[in-house]
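All heavy atoms count here, side chains included; hydrogens, waters and symmetry mates do not.
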Amino acid sequence: MIDYEYPEYEVVRDERRCTVCRLCEKQCAFSVHGFADGRMTADPAQCVNCHRCVAVCPTHALKIVKSDHCFKPSVNFTADLMHDVYAQAATGGVLLSSMGTPKNYPVYFDKLLVNASQVTNPPIDPLREPMEIRTFLGAKSETIGYDEAGKICVERKPTLTLDTPILFSAMSYGSISKNAHEALARAAAELGTFYNTGEGGLHQDFYRFKDNTIVQVASGRFGVHADYLEAGTAIEIKIGQGAKPGIGGHLPGAKIGEDVSKTRMIPRGTDAISPAPHHDIYSIEDLRQLVYSLKEATDYKKPIIVKIAAVHNIAAIASGIARSGADIIAIDGMRGGTGAAPTRIRDNVGIPIELALAAVDSRLREEGIRNRCSLVVGGSIRSSADVVKALALGADACYIGTAALLALGCHLCRSCHTGKCNWGIATQNPELVKRLDPAEGARRLVNLVTAWNREIKEMMGGMGINSIEALKGNRLMLRAIGVTEKELEILGVKHAGE
């Protein structure tokens, strides 16, 4: 059989340093490394560039490099497209990919600059002045009254209180390991924020983290029951996901072991397939019924989140959701990560989160309903600067997913859908899962968010702002560079120099 392609990566081994300890062989779930005739061998065709072997090699004898083999250049049929054609010609299958799209679409966060105070509005020193980064998510009271004693009376609606404007986004048990879920839960509890179960239900061991848990209700209703709804501080209805708008989810049966089966309430070894639509939601009126059904089921004590993918008519959709009774709208941009998605969907459907967020915030303000719900955004929030810019564009808080997995050790090899994650994150293989220590993972997550919090305070101080509330939707604090007039109009910001 003809092999139509040269391996994408090459394994470079320094024979002078290699002690033939065979640790690389033991650590690679993709069977790249082998041992024969007293020396180590490698099959580069199996390498996904996860760097596990490089990280564990005690003598630094290994490195993975991009192959310099090339096709004849073509602007139309690039090497990536040729690779995809060869793969589908060989298998007849739909291409699957993990994590966010690697396509070179504009990243508007990188085209936005933050303003800084100088003389007339001096900056604030966060080391010596109080800086408030606590935020509250949920519908705001629309009326204020007074009781007979003259005290202010406000209708108290269920809200989430976060000590940081950062939450851990939805990643289901099944798509990621139990140890990864535990690390996220532990970190959320320590940081005073929340993690999201995703659509895979909640493992019984994690009910103790209920005060820091958001439970998700997706089209497949996996693991949804009365105790599950009570186990979260908020409930998220998942309509869409940034990496795969308009389609459902698929967790292969190979990942449905005993624990995942019990948690998701499906037979062991069977594929977990979420339909593309909720079969009881075909309009905003239908969505409203589900929102209030969940509120009734939880005695109106929990905020209801509706999660949607960023698509071209996002502002109108969000307006309808705000009117449906949802307390929080979560918007997931097209660069968001995923455990598995059809490659063509991931790389060609949806819009960037920056444009979606700006459009939604503007629409809700124009219609006078911005106080009816909070906005949480995700989809490649990569740094504290992205958080600050998202808040200034109108977000109340940000979901992080890929950045959180990087903190746990992920090297973005984009092979989550294989279930062979060498870092113990996107796998259910017990031998691989145990490579991730939940306590150490939680410590690294806490370190990451703590560092971001400090940077957020520094940037706020530089702007002369001492409260997250003063930053939200404050687009005067942003200037754009290298964007078109239409993009400026949608983002609602001025160009640098104006």
Side-chain angles (χ1 to χ4, degrees), residues 134 136-138 158-164 166-218 221-238 255-266 294 297-305 328 330 376 397 399-401 404-405 407-409 424-428 430 433-450:
R134 180 176 297 176
F136 303 89
L137 302 181
T159 58
L160 297 180
T161 302
L162 288 71
D163 291 338
T164 170
I166 300 166
L167 308 89
F168 298 125
S169 59
M171 291 175 276
S172 68
Y173 176 42
S175 68
I176 63 173
S177 66
K178 182 184 175 186
N179 286 6
H181 252 230
E182 183 175 346
L184 292 165
R186 285 192 186 190
E190 186 171 342
L191 291 162
T193 187
F194 296 85
Y195 86 106
N196 192 311
T197 64
E199 64 175 296
L202 181 63
H203 193 283
Q204 194 67 37
D205 290 353
F206 302 147
Y207 275 55
R208 70 186 191 274
F209 296 108
K210 63 181 298 182
D211 291 341
N212 300 92
T213 300
I214 296 171
V215 296
Q216 194 178 82
V217 175
R221 301 294 197 268
F222 297 125
V224 177
H225 50 84
D227 289 343
Y228 170 72
L229 297 178
E230 289 294 339
T233 305
I235 301 170
E236 181 174 275
I237 302 169
K238 176 197 170 189
K255 281 191 169 184
I256 313 295
E258 183 176 349
D259 261 3
V260 176
S261 168
K262 182 178 179 181
T263 301
R264 290 197 174 220
M265 302 191 305
I266 58 175
L294 293 173
T298 53
D299 198 24
Y300 289 81
K301 293 179 180 178
K302 304 176 189 294
I304 305 299
I305 308 168
I328 302 166
V376 179
Y399 268 136
I400 65 169
L405 296 187
L408 293 178
I425 301 170
T427 180
Q428 299 304 318
V433 169
K434 68 183 182 183
R435 294 180 180 179
L436 175 60
D437 178 5
E440 172 64 11
R443 185 189 68 82
R444 292 178 60 83
L445 287 166
V446 169
N447 284 346
L448 175 70
V449 177
T450 299

Please check if the side chain of [X] supplies one atom and the backbone of [Y] the other of a donor-acceptor pair under 3.5 Å.
| X | Y | result |
| --- | --- | --- |
| Asn179 | Asp437 | no |
| Thr161 | Phe136 | no |
| Glu236 | Ala330 | no |
| His181 | Met171 | yes |
| Arg444 | Ala407 | yes |
| Ser177 | Gly424 | yes |
| Ser169 | Ile400 | yes |

Using side-chain heavy atoms (C-beta onward) and a distance below 4.5 Å, is [X] in contact with [Y]?
| X | Y | answer |
| --- | --- | --- |
| Leu436 | Ile425 | yes |
| Tyr228 | Phe222 | no |
| Asp163 | Leu191 | no |
| Lys262 | Glu258 | no |
| Leu137 | Leu162 | yes |
| Ile328 | Leu160 | yes |
| Lys178 | Tyr173 | yes |
| Phe168 | Leu445 | yes |

Do you know the tightest heavy-atom contact between [X] and [Y]?
| X | Y | answer |
| --- | --- | --- |
| Leu408 | Ala180 | CD1-CB, 4.3 Å |
| Val376 | Leu167 | CG1-CD1, 4.0 Å |
| Gly174 | Gln428 | O-NE2, 3.1 Å |
| Thr193 | Ile166 | OG1-O, 2.6 Å |
| Ser172 | Gly200 | CB-N, 3.5 Å |
| Lys255 | Ala426 | NZ-O, 3.7 Å |

Will you find, in the side chains of [X] and [Y], an N or O donor that is under 3.5 Å from an N or O acceptor?
| X | Y | answer |
| --- | --- | --- |
| Tyr399 | Asn196 | yes |
| Thr213 | Tyr207 | no |
| Arg435 | Thr427 | no |
| Glu199 | Gln216 | no |

Rounded to the nearest 0.5 Å, what separation is found between the [atom1] atom of [X] and the [atom2] atom of [Y]?
| X | Y | atom1 | atom2 | value |
| --- | --- | --- | --- | --- |
| Phe194 | Ile305 | CZ | CD1 | 9.0 Å |
| Phe209 | Leu184 | CZ | CG | 10.5 Å |
| His225 | Leu202 | NE2 | CG | 8.0 Å |
| Thr298 | Leu229 | OG1 | CG | 7.0 Å |
| Gln204 | Asp227 | CD | CG | 8.0 Å |

Query raised in the report: Given Lys302 and Glu230, is the side-chain contact (heavy atoms from CB on, under 4.5 Å) satisfied, shown in steps?
Result: CA-CA 9 Å; Lys302 304 176 189 294; Glu230 289 294 339; 3.7 Å; yes
Query - side-chain contact (heavy atoms from CB on, under 4.5 Å), paired with His203, selected from Thr197, Thr263, Val260 - result: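 The passing option is Thr263.
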Query raised in the report: Is the number of heavy atoms from other residues, nucleotides or ligands within 6.0 Å of CD (Glu190) greater than 12?
Result: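 Incorrect, the count does not exceed 12.
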Query - Working for side-chain hydrogen bond (donor to acceptor under 3.5 Å, both in side chains), residues Thr164 and Arg134 - result: CA-CA 5 Å; Thr164 170; Arg134 180 176 297 176; over 6 Å; no
